[in-house]
Number of protein chains: 2
Amino acid sequence: MEPTILDVAEKAGVSPSTVSRVINETAPVAEATKKKVTDAIESLGYRTNKFAHALRKQSSNVFGIIVPDISNPFFSTLIRGAEDRFHEGGLSTMICDTKGEPKKEIRNIEMLVKERVDGVVATSAESAGNGINRLFEEEIPVVAVDRSPTSNEITTVLADNEGSGKKATGHLLEKGCRRIGFVRGPSGVSTAHERFTGYVNALEERELHADDDLITQGDFTFSSGKRALERLREKNRNSGPPDGLVVANDLMAVGVIRKAEELNVKVPGDLAVVGFDDILLSKLINPTLTTVSAPTYRMGATAAGLLLNEVESNRMGRADRGKRVVFATELVERESSQLGGG
Amino acid sequence: MEPTILDVAEKAGVSPSTVSRVINETAPVAEATKKKVTDAIESLGYRTNKFAHALRKQSSNVFGIIVPDISNPFFSTLIRGAEDRFHEGGLSTMICDTKGEPKKEIRNIEMLVKERVDGVVATSAESAGNGINRLFEEEIPVVAVDRSPTSNEITTVLADNEGSGKKATGHLLEKGCRRIGFVRGPSGVSTAHERFTGYVNALEERELHADDDLITQGDFTFSSGKRALERLREKNRNSGPPDGLVVANDLMAVGVIRKAEELNVKVPGDLAVVGFDDILLSKLINPTLTTVSAPTYRMGATAAGLLLNEVESNRMGRADRGKRVVFATELVERESSQLGGG
DNA sequence: TTGAAAGCGCTACCAA
DNA sequence: TTGGTAGCGCTTTCAA
């Protein structure tokens, strides 16, 4: 049988309370007593019983991490950032993959509620963040990452997506592109929308404007990128093709590049392409993809840190929430945007 | 305050034991009483307290899933298979990403032990499965997936890797390749070794034999694939280059293809390439990659199912373990192996 | 600085 | 078919 705190107490010749105090450093204990206790713990191989501890403290010391797709390097890096921060504090984590499906997200959240996690870092499937609201109702602390939730009571960690859109567009302008198109992401996702806003603003700053014939939409998948280019070529059969394309994420951008190849459109010769996220694939394809990257690991770590603060201040009876942290992004220049004019 | 089972009992005018019996269906309860109880539960919004339940039952109803890399589609699919099976039974899961580092694996396992999970499905970082042994010591039921553990007491779910190696090699032989090389995976990984064995056997069956000049090793990463081809060209400067290459996983195979491009070696014209795993990337690169795929989702689901059986039989005092399930694999023919001779 | 003891919320035994 | 109640292993008052 597993030894309990009583066994340790007996072996050390002290009371269970003293053992508890030694383990949790929750009150001063005489050096000599402490030694007796730690020795007893050692020799019995005692480990505290999670269930009893949690029942007594009404806290699981487990934190949830929700993302739409764990196999997307953007999110697996985000997860690593958050996990490292949690593990540092001896806290455990439950990772949930919603596959971008709101239904699955709800089920995952039900699981986290059942497990009575102490808090959640979430990139919701939908921007609106139905799931996040659910957690808010349950009074489980949440920090939103890479999504702007509706409530401004919710602490949020974001990349500067509008700035990213501006950077990508500005880069193509500098490279000499004159007709720059945009492939938008899913309508519900704030990230995608903000990138588009950046594109529009970059054009307007130079007194250009976004031509409807050069704009289409995808759903962040590879194949939707392929379809997007097809649709675009259809649209501007008369007005003439774009010479540059900003694509709302890398995976779609890769789709665009593949389709361009099929259509004998040279990238970057005929069409310069920029994506967002800097996934592994972007370095592997031919031509390599120019993209805008966010400090994903730090975003995850920061989100976890803010969540921990929030949990802590809840315990102190304070309630500080609704913070907003925005991280700057960075243009990663690769082959897909290298026109002759450099 | 959260309602407890006592509140429900009071509201329904019954004893707490009866409420428990209704919730857990652990003993017959009169229809009328049951209704009173469920009504009370409903109106109070009662939910059972995980901590108290777990303490009493000495069981967390949580299962661990350990993989070397969650962003590898092979493993994220495996995870999905296992998770679906667990969630079906109302069980929760903790996913652990070891990044292929034994040290991280140990830390993850410590976490699972601390959380007192009821069982673990594990693809260990090392084949030897140090971590898995640790779980075995702790008497936590384990099922190994995609790795042959040392102990044959441990239930194992595998793909037929040797068969895969044979299939890949046989395919190139049929396509007319005469000098077929192999890029091996990390030495500690049984999967990689078995694929190589299949290659050797396929050659021997046709009374050919593996030429040392055509064999090199990588570590499953993209860049190690690039280096592998370089090294190979170095090695057979005199003996002549291979006309076909079996590469122990897709990611390295993609590296090989990219490097071939740099060296002006045409794939598949000069060099046919086959990989293993059928990751997403294999469909996206140019040329698309011929590969051997395993029924990953089913492997995950099967592993979870076997684990659940094992846990169940432990509870009944039986001990059935050490089963071994091997799944057949399938060749996915794409462009990288289409020689003129079809 | 230490100990005694109550009680977190649940399940399951024993009795009725 | 139901109720009373002990106890899972821990933390935390209160008292010494």
Side-chain angles (χ1 to χ4, degrees), chain A residues 1-41 44-62 90 92 113-118 315-316, chain B residues 1-41 44-62 90 92 113-116 118 315-317:
Chain A
M1 212 44 237
E2 284 264 293
T4 75
I5 215 169
L6 259 89
D7 300 318
V8 175
E10 190 176 5
K11 178 113 184 177
V14 299
S15 76
S17 1
T18 302
V19 176
S20 171
R21 289 192 267 255
V22 171
I23 294 171
N24 303 300
E25 303 183 345
T26 181
V29 174
E31 226 24 81
T33 331
K34 194 179 285 180
K35 173 118 179 49
K36 282 192 294 184
V37 171
T38 48
D39 285 355
I41 288 176
L44 291 172
Y46 168 82
R47 270 182 326 222
T48 117
N49 182 313
K50 222 248 134 113
F51 307 143
H53 182 96
L55 174 57
R56 197 46 236 249
K57 303 278 289 204
Q58 296 292 24
S59 151
S60 61
N61 284 353
V62 176
S92 300
V113 170
K114 190 173 80 185
E115 293 300 322
R116 309 213 167 206
V117 294
D118 289 349
R315 287 192 181 136
M316 313 300 290
Chain B
M1 214 42 238
E2 286 262 294
T4 75
I5 215 170
L6 260 91
D7 300 318
V8 176
E10 190 175 7
K11 179 114 183 177
V14 299
S15 78
S17 2
T18 301
V19 177
S20 171
R21 288 193 268 256
V22 171
I23 294 170
N24 303 299
E25 303 184 344
T26 181
V29 174
E31 226 24 79
T33 330
K34 195 179 287 180
K35 172 120 181 49
K36 283 191 294 184
V37 172
T38 48
D39 286 355
I41 287 176
L44 291 173
Y46 168 82
R47 269 183 326 222
T48 118
N49 182 313
K50 224 250 134 125
F51 307 143
H53 183 94
L55 174 58
R56 199 44 238 252
K57 303 278 288 202
Q58 296 293 25
S59 151
S60 61
N61 283 352
V62 176
S92 300
V113 170
K114 190 173 80 185
E115 293 300 322
R116 309 215 167 203
D118 289 350
R315 287 191 182 137
M316 312 301 290

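In what follows, every chain begins at residue 1, and chains take the letters A, B, ... in the order their sequences are listed.
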Whole-Å distance, Leu55(B) CG to dG9(C) C1', equals 9 Å

Taken to the nearest 0.5 Å, the spacing of Glu115(A) CD from Glu115(B) CD works out to 9.0 Å

So, is Gln58(B) near the phosphate of dG9(D), with a side-chain N or O under 4.0 Å from OP1 or OP2? yes

Atom NZ of Lys34(A) and atom P of dT1(C) are separated, to the nearest Å, by 9 Å

* Is the distance from OP1 or OP2 of dT2(C) to the nearest side-chain N or O of Thr33(A) less than 4.0 Å? -> yes

Closest non-hydrogen atoms of Ile23(A) and Tyr46(A), given as atom of the first, atom of the second and distance, are CD1-CE2, 3.6 Å

Taking every heavy atom of Ser60(B) against every heavy atom of Asp118(B), the minimum-distance pair comes out as N-OD1, 3.2 Å

Checklist entry - Does the distance from a Lys or Arg side-chain N to an Asp or Glu carboxylate O, for Arg116(B) and Glu2(A), drop under 4.0 Å? => result yes

Residues passing the side-chain hydrogen bond (donor to acceptor under 3.5 Å, both in side chains) test with Ser20(B), sequence neighbours excluded, are Asn24(B)

A correct 5'-to-3' footprint of nucleotides 10-16 of chain D, with B, S and - meaning base, sugar-phosphate only and no protein heavy atom under 4.0 Å, is BBBB---

- Query: Between Asp7(B) and Lys11(B), is a salt bridge (charged side-chain N to carboxylate O under 4.0 Å, His left out) present by the stated rule, with each step listed?
  - Reply: CA-CA 6 Å; Asp7(B) 300 318; Lys11(B) 179 114 183 177; over 6 Å; no

Here the distance between atom C1' of dC10(C) and atom CZ of Arg116(A), to the nearest Å, is 12 Å

Of dG3(C), dG4(D), dT2(C), the nucleotide closest to the side chain of Ser15(A) is dG3(C)

